[in-house]
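These notes concern the structure reproduced below.
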Amino acid sequence: MNAARALRPVWCLSALLLLAAPAAGQNTETGVRAGTLAAPPRVASAALNTVFQKNRLAAIRIEDCPPVADDPTCKEPDGIGSGVLISADGSALTAYHVVFGATRLEAVTLNKKRYQVSVVGFDEQHDLALLKINISGAAFVPLAAQAPRVGQAALAIGNAGGKFLQPKTGTLLALDAAAGRADFPPGTLQLDAPLAPGDSGGPILNEAGQLIGITSYIRLDDSGATKAGSASPKVTSYAVPVTSGSDLLAQLRAGVKREAPILGITTTSSLTEGLTARFFSDLGLGNRVGYVFTQLVKGGPADLAGLHPLVATTFDDKGVPTHATGDVITAVDAQPVSDYLEFLAAIRSHQVGDQVTLTVFRDGGAKPLSIVVTLAPRTVSLGQNKP
């Protein structure tokens with residue numbers, strides 16, 4: 001693993017979203033418990049300020065609430081995201097990772113009213129979810145009829161940093177941007193607005209006040225930061241494109257719920273990339289580079305197929321492992337994989353329910369094993385049904 005890289009790994013906002021729950025009783029602009037709104041913030045661009053003042057009414061804060069028995073009024077949500085109403089009958093869009101794993105969702109509108117939320121449809125790979133909120137006659141944002149252009153100004157509305165429905169502005173840098181890894185949505189809008197955890201799922205609007213995208217993830221580039229930390233990392237943000245004629249949106253309206261496939265295995269971050277043949281040989285695992293994992297999801301596909309996680313069996317006097325047992329996955333359907341990202345790309349090229357054949361070397365053995373596994377939906381890892 002190359003620790004000297006200037007570009008940090010992609011950060012999915014959901015990974016940090018769950019750590020951004022606000023404390024109870026916060027003031028109005030940093031929470032949703034006070035009764036009177038402070039003066040609304042303003043945007044430097046006159047055109048985008050008009051868009052913000054008009055469309056803030058359609059933006060929502062989405063809360064992942066604990067069970068009613070534990071917190072009946074959702075004073076301390078487990079996670080916070082953003083969303084936007086797209087019709088007067090309460091249809092709304094957000095990022096799928098905002099609602100993934102949630103069992104009780106609530107939406108908070110600008111007037112601080114709270115509404116129950118149900119999930120109509122979603123596509124995990126494209127990180128988009130269509131919601132239904134029990135509200136009628138709501139303010140909503142119209143969807144753009146055409147894709148935006150590079151260089152256009154854009155406005156984002158979200159709930160980052162514990163703040164409530166705040167604006168951020170930027171410029172579109174690219175269309176159809178590649179994520180570079182299979183667990184992030186492909187073909188996104190790239191912009192330089194400084195988005196952050198809590199903005200996930202919020203709207204990206206053009207200067208006409210039309211919805212062009214839904215906030216998904218960010219990259220941080222600290223190559224310009226000084227050793228003293230005087231410069232902040234550069235933030236590049238990415239949004240799932242949305243237009244009125246979107247085929248994906250039509251599918252979600254029809255109730256499609258499309259999960260990503262998983263094998264049901266996880267590993268520590270230090271084992272995801274950059275492992276050499278020496279790493280494997282030093283642990284007695286042979287000299288073939290592949291993907292190794294440290295945990296199995298109980299009852300998941302890998303567990304049912306009998307795969308073996310990496311387990312250290314002996315250590316030196318400093319506690320460093322000197323020998324291990326377990327499976328090294330070197331191919332998926334004869335496609336070679338040498339690390340986590342290659343393994344993930346191979347799995348994500350399939351659908352839930354597909355069977356794949358893994359090439360596995362067990363405990364440093366010389367002969368490969370062929371293990372057939374049926375891929376399961378990612379919610380298997382939660383021990384619950386999809387939302």
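What you are looking at is a predicted structure, and each value in this text was computed from that prediction instead of being measured.
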Where at least one partner belongs to residues 300-325, residue pairs that pass salt bridge (Lys or Arg N to Asp or Glu O under 4.0 Å), sequence neighbours excluded: none

Residues forming a side chain to side chain donor-acceptor pair (under 3.5 Å) with Q146, sequence neighbours excluded: none

With sequence neighbours excluded, what pairs up with T109 under the side chain to side chain donor-acceptor pair (under 3.5 Å) test? N111

Pairwise distance OG(S246) to CG(L93) - rounded to 0.5 angstrom: 9.0 Å

Would you sort out whether S216 and D127 count as a side chain to side chain donor-acceptor pair (under 3.5 Å), showing the intermediate values? CA-CA 7 Å; S216 180; D127 198 22; 2.6 Å; yes

Going by atom types alone, do T359 and T330 pair a side-chain donor with an acceptor below 3.5 Å? no

Contacts of R362 meeting side-chain contact (heavy atoms from CB on, under 4.5 Å) (sequence neighbours excluded), chain-then-number -> H308, D327, L369, I371

If I compare all heavy atoms of T268 with all of T294, which pair ends up nearest, and what's the gap? N-OG1, 3.7 Å

Measuring from atom CZ of R61 to atom NZ of K163, what distance do you get when rounded to the nearest 0.5 angstrom? 13.5 Å

Does CG in N134 sit with more than 12 non-hydrogen atoms of other residues, nucleotides or ligands closer than 6.0 Å? no

Distance-only donor-acceptor pairs under 3.5 Å for side chains of residues 185-193, two or more places apart:
from	atom 1	to	atom 2	distance (Å)
D192	OD1	T171	N	2.6

So ring pair (Phe, Tyr, Trp, His ring centres under 6.0 Å) across residues 235-258, not counting sequence neighbours, yields Y217-Y238

Any chance you could measure N55, atom CG, to I157, atom CD1, to the nearest 0.5 Å? 6.0 Å

Electrostatic pair R104:E106 at N-O distance under 4.0 angstrom: yes

Here the gap from D282 atom CG to N287 atom CG, rounded to the nearest 0.5 Å, amounts to 11.5 Å

Nearest-0.5 Å distance, NE2 of residue H323 to CG of residue L285: 7.0 Å

Looking only at the side chains, is there a donor atom on one of N49 and Q53 sitting less than 3.5 Å from an acceptor on the other? yes

Polar side chain donor-acceptor pair, Q125 to R348, under 3.5 angstrom: yes

How are the rings of Y291 and Y340 set relative to one another: parallel (under 30°), tilted (30 to 60°) or perpendicular (over 60°)? tilted

